[in-house]
Asker: 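Attaching a single structure in structure tokens format; questions to follow.
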Protein chains: 2
Amino acid sequence: MSSTHDAAYGSTMAEQTPPAPGPPRSAARDRLLRTASALFYAEGVRAVGVDRVVAEASVTRATFYRHFAGKEALVVAYLQAVDDATRSRAGQQPDDPAEVASWLRRLTSQIGDELCRPGFRGCAFINAAAEYPDPASPVRVAVREHREWLQGTATAALARTGHPDPRAAGGRWMTLRDGAMVGAYLGDVEQARTTLRAGVEDLLAGR
Amino acid sequence: MSSTHDAAYGSTMAEQTPPAPGPPRSAARDRLLRTASALFYAEGVRAVGVDRVVAEASVTRATFYRHFAGKEALVVAYLQAVDDATRSRAGQQPDDPAEVASWLRRLTSQIGDELCRPGFRGCAFINAAAEYPDPASPVRVAVREHREWLQGTATAALARTGHPDPRAAGGRWMTLRDGAMVGAYLGDVEQARTTLRAGVEDLLAGR
DNA sequence: CCGTAGGTAGAACGATCGTTCTTTCTCTTG
DNA sequence: CAAGAGAAAGAACGATCGTTCTACCTACGG
């Protein structure tokens, strides 16, 4: 849940602040992003107005617009925060190819655990994309980047386990993951979890 | 996006139903629902206002509120129209158990074709659910009913093909279907199509 | 023939949308 | 100490949200 690179904002003059780099990290901005993330995920993006975020974060509108160009930028920051959290939770693949299979199992079971969490409301990226039809919008770009990373990671892992067709297998893994996310939100959580786990075992068995 | 009963409203003569059950079928109502369906699907539900629907359907607000209790009722009608279309397109399962496998193949390939259609923007129900967090809302009820019917149908079909574990297989079919819908919208259409088809073949082979 | 229902046309409601503005206060830092 | 950035507080912008209302027109079945 941390922002990454927000360099080059307003400073036209010498930006040589060693301790505080520009406007990125402040208590107010942090509260804003954290509050917005919770609200956007739980209730949908369009359903949550700036006023609501600002009020719930105990921050004024002026402060909000100092830290974010607008609502859309906040939405992108929200998705990037989820992306960051997902990537750091996944960690990096082990060097030893013999450990890759169990690494992918762990990555998958992390998703399985996510499905069971109390406030689970599906995939943040799938849900956001439902509200942003324009594929060129910054929101959709953020969605695409996350998904390409995720599928690429799974594909690479499956390749290293020696799967005969890693590209197709990565696509299957992603389908399994998406289906589980949707199924757990709109249907039976336990069934989604089981299907996901069994599917990954098939993949790891080279099937 | 075709509604099932397109040819049923123009009749000036044979319309001898005096009590007119609840929501009457009129040209204005039909235009309203058709326009709303296209807009809701293409741009998202919250993104499309009543004014917009009313203007694009060449109907006044007063007429709209005569036919629908409010926007939410229109959303539910939209989903029910998609549900109707899906059910009628699927048809009913053949009596002969030997034909069930090819029937399920056809149902699945209908979905595969849907993914390739020009304006495809994912599953109407998944997208709508993303915008309606409350599981008790009429919209979510409509979503649930559609999904339960769909999964139930697939499960029944797989049972009749003699699959050893039809319940799990039906869940897998649904996961495949959801994953393909999401993947085709947010990723590679062809890969989604291929994964879906291959997955169903596995299911039909009893795997 | 008249009554009524469904239609058009358009004004209006309060609420909320995202955004911008001015003003004042409180810190930190040179 | 002085300077300046960050934040608080709140007014205000035009636009749009979903909804309700009155008024008039038209078609049709009793």
Side-chain angles (χ1 to χ4, degrees), chain A residues 6 9-33 35-36 39-40 43-78 131-132 137-139, chain B residues 9-33 36 39-40 43-78 131-132 137-139:
Chain A
D6 282 319
Y9 188 76
S11 63
T12 52
M13 291 293 288
E15 177 83 34
Q16 51 188 18
T17 47
R25 209 162 299 210
S26 82
R29 193 198 137 96
D30 220 58
R31 244 178 306 143
L32 237 11
L33 183 52
T35 310
L39 290 175
F40 285 161
E43 305 186 19
V45 175
R46 285 200 112 100
V48 176
V50 172
D51 282 17
R52 178 92 179 286
V53 174
V54 147
E56 221 131 317
S58 302
V59 159
T60 59
R61 276 176 290 277
T63 303
F64 166 71
Y65 281 100
R66 191 191 320 273
H67 288 290
F68 297 94
K71 187 188 179 181
E72 192 178 68
L74 182 63
V75 177
V76 171
Y78 149 60
E131 300 199 63
Y132 285 82
S137 73
V139 171
Chain B
Y9 64 87
S11 58
T12 51
M13 303 181 58
E15 190 73 40
Q16 54 184 30
T17 46
R25 206 160 295 172
S26 76
R29 191 197 138 95
D30 219 60
R31 245 178 306 141
L32 237 11
L33 182 52
L39 289 175
F40 285 161
E43 304 185 20
V45 175
R46 285 199 112 99
V48 176
V50 172
D51 282 18
R52 178 92 180 286
V53 174
V54 146
E56 222 131 318
S58 302
V59 159
T60 59
R61 276 175 290 278
T63 304
F64 165 71
Y65 281 101
R66 175 164 329 169
H67 287 289
F68 297 94
K71 188 188 179 181
E72 192 177 67
L74 181 61
V75 177
V76 171
Y78 148 60
E131 300 198 62
Y132 285 82
S137 73
V139 171

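So that the names make sense, note that chain A is the first sequence line, chain B the second, and so on, each numbered from 1.
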Asker: What residues, two or more places apart in sequence or in another chain, satisfy side-chain hydrogen bond (donor to acceptor under 3.5 Å, both in side chains) together with B:T60?
Answerer: B:T63
Asker: Would one find a side-chain N or O of B:T63 under 4.0 angstrom from OP1 or OP2 of C:dG6?
Answerer: no
Asker: Counting only side-chain N and O atoms of B:S26, is one of them less than 4.0 Å from OP1 or OP2 of C:dG7?
Answerer: yes
Asker: Quick one: is C:dG7 close enough that its OP1 or OP2 comes under 4.0 Å of any side-chain N or O from B:H67?
Answerer: yes
Asker: If you look at every heavy atom in B:L32 and B:V59, which pair is closest and at what distance?
Answerer: CD2-CG1, 3.8 Å
Asker: Could you go through nucleotides 25-28 of chain D and list every protein N or O atom that sits under 3.5 Å from one of its N or O atoms, giving the distance for each pair?
Answerer:
none

Asker: Is the side chain of A:R31 donor-acceptor paired with the backbone N or O of A:S58 at a distance under 3.5 Å, no angle test?
Answerer: yes
Asker: Could you tell me the separation between the CZ atom of B:R66 and the P atom of D:dC21, rounded to a whole number of Å?
Answerer: 13 Å
Asker: Ring pair (Phe, Tyr, Trp, His ring centres under 6.0 Å) with B:F68: which residues, sequence neighbours excluded?
Answerer: B:F64
Asker: If every non-hydrogen atom of A:A57 is compared with every non-hydrogen atom of A:T35, which pair is closest and at what distance?
Answerer: CB-OG1, 3.5 Å
Asker: Take atom CG of B:L32 and atom C1' of C:dG7, then tell me their distance rounded to the nearest Å.
Answerer: 12 Å
Asker: Just distance, no hydrogens or angles: give the donor-acceptor pairs under 3.5 Å from side chains in residues 43-51 of chain B, sequence neighbours left out.
Answerer:
unit_1 : atom_1 : unit_2 : atom_2 : d
B:E43  : OE1    : B:R52  : NH1    : 3.1
B:E43  : OE2    : B:R52  : NH2    : 2.9

Asker: How would nucleotides 16-23 of chain C be written as a contact map, 5' to 3', with B for base contact, S for sugar-phosphate-only contact and - for no contact, using protein heavy atoms under 4.0 Å?
Answerer: -SSBBB--
